2 protein chains.
Amino acid sequence: MVTIMNRRREMRPRLRMTRQRRALLAAIEEAGGHPTADEIYRIAKRRLPRISLGTIYRNLGILAEHGLVQSIEAAGRQRRFDADAARHYHVRCMGCGRLDDVRMKSICHVERAARAATGYEITGHRMELLGLCRGCATERDRKRKGAQRSPAKQGGA
Amino acid sequence: MVTIMNRRREMRPRLRMTRQRRALLAAIEEAGGHPTADEIYRIAKRRLPRISLGTIYRNLGILAEHGLVQSIEAAGRQRRFDADAARHYHVRCMGCGRLDDVRMKSICHVERAARAATGYEITGHRMELLGLCRGCATERDRKRKGAQRSPAKQGGA
DNA sequence: CTAGATGCAAACTGTTTGCTCCGGT
DNA sequence: ACCGGAGCAAACAGTTTGCATCTAG
């Protein structure tokens, strides 16, 4: 993420555009949203049946370093990737786990505040919003309403 | 016959204060900062040599649910825990990996913005600041001075 | 032609779980 | 005494790596 600034410092070992990398990039696009390495793997395999997960991971790392994809490392066990390398926020649904983009302006003023508070030289921040997507919120309401009427209900499902 | 009547979903099954849990809590305190499960394990083991990592994880989860510790799930591979259960932000040094508290007020207004942008029912946010701690910044400057060659420094901020 | 990438499988790391016995309340 | 908790080890999931072979530039 900070790598964009010092691209000059480290000479770029020009990225070899292999068949696999192309497929990888295409797979992320095709997946849309924020696929996991495994989802990308499955899609890429449709074109290149012999591609391996190791290659996926290796290249996801490399492409991220080159700013061609974004690696989203937030809470949870699994990393996700985003074809949109521009900085933007994400929101995660606590109900179903889906991840969506959030279009809002950057709150980079927090970085100034944090510097004042810590003495760190702040270079960035990473934020993830948490909540319930519309679907899960609706579902939650439905359940809540049902539970209100008969709290001790235990009929099947 | 299961008595579901008094088993409301949200009900806290009052926490049994075992020797292990006490040791666990003590270990987090003693570790200070933001220990990993493994660090906590090592410290707790000094008192309770037979305590197991499984117990550590199980209880870390439970104690976090009860708000007695905070689980910090940010970028990186490993989860960290914090004896201070009150919500506060953290900053991670990209140089040496250390994690520090940031004392600044919550930016919960982002949650409103995010709701407007996504339709999600936002319940919270998680933010991690990134930067360089004083030590690493100093070191970086030292190196930079040695490597500096071009006198032209346009808009260098 | 050759530095660097691939495929494969095995290694690793952090975390979770099934089971049996134990110990708080 | 009862029931959740502890210990242990094996299972797991996601990711990384060593190595022989291939390939883009």
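Only a predicted model underlies this, so the values are computations on that prediction, with no experimental measurement involved. Each chain gets a letter, A, B and so on, in the order the sequences are listed, and its residues count up from 1. The figures that follow rest on heavy atoms only: side chains count, while hydrogens, waters and symmetry mates do not.
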Note to self: Whether the side chain of Arg58(B) and the base of dG7(D) hold a donor-acceptor pair under 3.5 Å is what I'd like checked.
What the structure shows: yes

Notebook entry, point to check: Over how many whole Å does the gap from Leu48(A) atom CG to dG7(C) atom P extend?
Noted result: 7 Å

Margin query: Between C1' on dG25(D) and CG on Leu15(A), what's the gap in Å once rounded to a whole number?
Written below: 13 Å

Note to self: What's Ile51(B) touching, base or sugar-phosphate or nothing? Going by heavy atoms closer than 4.0 Å.
What the structure shows: sugar-phosphate

Next item on the list: Return the value, rounded to whole Å, for the distance between atom CD1 of Ile40(B) and atom C1' of dG14(C).
Entry: 13 Å

Next item on the list: Go through dT6(C), dG4(C), dT16(D) for me and flag the one nearest to the Gln20(A) side chain.
Entry: dT6(C)

Note to self: Quiz question: going by heavy-atom distance under 3.5 Å, is there a donor-acceptor pair between the base of dG5(D) and the side chain of Arg19(B)?
What the structure shows: no

Item checked: Nearest-Å distance for atom pair CG/P, residues Leu60(B) and dT15(C) -> 9 Å

Checklist line | Integer-rounded Å distance: dT16(C) P and Leu53(B) CG | finding: 11 Å

Notebook entry, point to check: Quick one: on DNA chain C, does Thr55(A) or Thr55(B) contact a more 5' nucleotide (nearest heavy atom)?
Noted result: Thr55(A)

Notebook entry, point to check: Does a salt bridge link Glu139(B) with Arg134(B), judged by any charged N lying under 4.0 Å from a carboxylate O?
Noted result: no

Note to self: Nearest 0.5 Å, please: how far is CD1 in Ile62(B) from CG in Asn59(B)?
What the structure shows: 5.0 Å

Note to self: Quick check for you: among dT6(C), dC8(C), dT16(C), whose closest atom lies nearest to any side-chain atom of Arg79(B)?
What the structure shows: dT16(C)

Margin query: So Asp38(A), base contact, sugar-phosphate only, or nothing? Heavy-atom distance under 4.0 Å.
Written below: nothing

Next item on the list: Please round to 10 degrees the angle between the axis of the first five pairs and the axis of the last five pairs in the helix from dC1(C)-dG25(D) to dT25(C)-dA1(D).
Entry: 40°

Next item on the list: Could you tell me how the ring of His34(B) sits relative to the ring of His88(B): parallel (under 30°), tilted (30 to 60°) or perpendicular (over 60°)?
Entry: tilted

Note to self: Looking at Arg50(A) and dC8(C), is any side-chain donor or acceptor paired with a base atom of the opposite kind under 3.5 Å?
What the structure shows: no

Check: Of the nucleotides dG5(D), dG14(C), dC8(C), which has the atom closest to the Ser52(A) side chain?
Finding: dC8(C)

Margin query: What I want to find out is whether Glu121(A) reaches Arg140(B) closely enough, with some N-O distance under 4.0 Å, to be called a salt bridge.
Written below: yes

Check: Taking atom C1' of dC12(C) as reference, at what distance in whole Å does atom OH of Tyr57(A) sit?
Finding: 13 Å

Item checked: Whether Gln70(B) side chain and Asp84(B) backbone form a donor-acceptor pair below 3.5 Å -> yes

Notebook entry, point to check: Between Phe81(A) (CZ) and dT15(D) (P), how many Å, whole number?
Noted result: 7 Å

Check: Given that Arg22(B) and Arg80(B) both sit by DNA chain C, which one's nearest nucleotide is further toward the 5' end?
Finding: Arg80(B)

Next item on the list: Check whether any side-chain N or O of Thr18(A) sits under 4.0 Å from OP1 or OP2 of dA24(D), and answer yes or no.
Entry: no

Item checked: Whole angstrom value for the distance that separates P of dG14(C) from CD of Glu39(B) -> 10 Å

Check: With distance as the sole test, does Arg21(A) use its side chain to make a donor-acceptor pair with the main-chain N or O of Arg16(A) at under 3.5 Å?
Finding: yes

Check: Which residues satisfy the salt bridge (charged side-chain N to carboxylate O under 4.0 Å, His left out) test with Asp82(A), sequence neighbours excluded?
Finding: none

Checklist line | Salt bridge flag under 4.0 Å for residues Arg98(A) and Asp100(A) | finding: yes

Margin query: Given dG14(C), dT6(C), dG4(D), identify the nucleotide with an atom nearest to the side chain of Arg16(B).
Written below: dG4(D)

